[in-house]
Amino acid sequence: MRLKKLTDNIYYDPHQPEVDRPMLAYLKGSRMSLAIDAGYSDNHVNDFYEHLNQSGLKKPDFTAITHWHYDHTFGMHQIQGASIACCRTNEFLRKEQQKAVDLQYIDKLKTADPCFKREYHNKQSLNIVLSDIEFREEIILNLGGLTAKIFQTVSPHSEDAVCIYVPEEKVLFLGDSTSEDFFNGGFMDHRKLKKLIMMIEDTNCEFCVLSHTEPLKKGELLEYLYGILQS
């Protein structure tokens, strides 16, 4: 399976709703490459790398994490190159490491989430790691003709939300930042959503890429988000 091509230098492995695997993206600079998110598991990472190989792309030099949730981070031990996450993400992952000391934690996650159970059906342990590179507020990578601005943002979904903006391609990666907080009863904080909308409006992007759907045009996403505010 080859990756889908969004722009000349941006590719993505589509989300897989049957197991709730998020989209994984790949930014191809002339000198270095960046993946976005570390996947659900080692199997997810291995599948992504196989798709890179089939598309004639090398494994990423860096992997940026959009937030701490397990479908975006529990494959981080399997990635090639260096991982990058904000300090808040590592704080949450440290808590997950402490929980995983209890060998029954994986069974608790399987019981709570049918998608997690399908992804980890043949596994009895977790390997949760922190990022290699930690930043506060913002870090910018020059990949060679391609810039990745990796920055924290306000989000109703998680307290550690990170977006990645690629100005040369006018693409904004938003992770799950537009979604409700599933760890707080599915609560949608409209105040935080308004701040996120303002950030999107102020960003000179053509495409907005969310982790669990196909890429959207900026206007399409804003129309959808304003609809949530009015509901």
Counting only pairs under 3.5 Å, give me each side-chain donor-acceptor contact of residues 144-152, with atom names and distances, residues two or more places apart or in other chains.
residue: T147; atom: OG1; partner: E168; partner atom: OE2; Å: 2.7
residue: Q152; atom: OE1; partner: E137; partner atom: N; Å: 2.7

Please confirm whether the backbone N or O of L3 pairs with a side-chain atom of S55, one donor and one acceptor, at under 3.5 Å? yes
Can you tell me if Y26 uses its side chain to pair, donor with acceptor, with the backbone of K58 under 3.5 Å?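 Here the side-chain-to-backbone pair exists.
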Between D61 and R31, is there a side-chain N and carboxylate O pair less than 4.0 Å apart?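 So D61 does not pair with R31 through a salt bridge.
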Do NZ/NE/NH1/NH2 and the carboxylate oxygens of R21 and D13 come within less than 4.0 Å?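 A salt bridge is absent here (no side-chain N lies under 4.0 Å from a carboxylate O).
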Might you confirm whether atom [atom1] of [X] has over 12 heavy atoms from other residues, nucleotides or ligands at distances under 6.0 Å?
X: K123; atom1: NZ; result: yes
X: Y224; atom1: OH; result: no
X: E201; atom1: CD; result: yes

Please examine the side chains of [Y] and [X], heavy atoms only from C-beta on, and report whether any two atoms are closer than 4.5 Å.
X: I133; Y: I139; result: yes
X: T203; Y: K170; result: no
X: C163; Y: L172; result: yes
X: T66; Y: I164; result: yes
X: I106; Y: F116; result: yes

Using the side-chain contact (heavy atoms from CB on, under 4.5 Å) criterion, which residues pair with [X]? Sequence neighbours excluded.
X: T63; value: A35, A38, P60, I65, I79
X: L216; value: L210, E220, L221
X: K192; value: V154, P156, D189

Restricting to side chain to side chain donor-acceptor pair (under 3.5 Å), what partner residues turn up for [X], sequence neighbours left out?
X: T111; value: none
X: D202; value: none
X: D176; value: H67, H72
X: D113; value: Y70

Please report the shortest heavy-atom distance between [X] and [Y], naming the atom on each side.
X: A112; Y: P114; result: O-CD, 4.0 Å
X: H190; Y: I228; result: CE1-O, 3.5 Å
X: K117; Y: K110; result: CB-O, 3.6 Å
X: F173; Y: A25; result: CE2-CB, 3.5 Å

Do [X] and [Y] share a hydrophobic cluster, counting only Ile, Leu, Val, Met, Phe, Trp and Tyr and linking them when any side-chain heavy atoms are less than 4.5 Å apart?
X: Y49; Y: I10; value: no
X: I84; Y: M32; value: yes
X: M188; Y: L229; value: yes
X: Y12; Y: V166; value: yes
X: L6; Y: L52; value: no

Looking at residues at least two apart in the chain, or sitting in another chain, which of them share a salt bridge (Lys or Arg N to Asp or Glu O under 4.0 Å) with D20?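 Here no residue qualifies.
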Under the salt bridge (Lys or Arg N to Asp or Glu O under 4.0 Å) test, which residues partner K4, sequence neighbours left out?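 For K4 the salt bridge (Lys or Arg N to Asp or Glu O under 4.0 Å) partners, ignoring immediate neighbours, are E214.
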Out of curiosity, [X] [atom1] to [Y] [atom2], how far, rounded to the nearest 0.5 Å?
X: K59; Y: L57; atom1: NZ; atom2: CG; result: 13.0 Å
X: Y165; Y: C208; atom1: OH; atom2: SG; result: 10.5 Å
X: C87; Y: F92; atom1: SG; atom2: CZ; result: 10.5 Å

Other ILVMFWY residues reachable from V19 by side-chain steps of under 4.5 Å: none
Take D102 and K108 through the test side-chain contact (heavy atoms from CB on, under 4.5 Å) and record every step on the way to the result. CA-CA 10 Å; D102 178 0; K108 294 176 182 177; 3.2 Å; yes
Side chains of Q16 and Y40 only: does a donor on one sit below 3.5 Å from an acceptor on the other?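 Result is no, nothing qualifies.
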Answer yes if the side chains of D181 and H157 hold a donor-acceptor pair under 3.5 Å, and no otherwise.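 The answer is no; no qualifying pair exists.
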Enumerate the side-chain hydrogen bond (donor to acceptor under 3.5 Å, both in side chains) contacts for residues 75-95, please, sequence neighbours excluded, ordered by first and then second residue.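 The answer is N46-Q78, S83-D132, R88-E91, R88-E159, T89-D160, N90-S131, N90-E134.
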Is it true that F183 and W68 have ring centroids separated by less than 6.0 Å?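 They qualify: ring centres under 6.0 Å apart.
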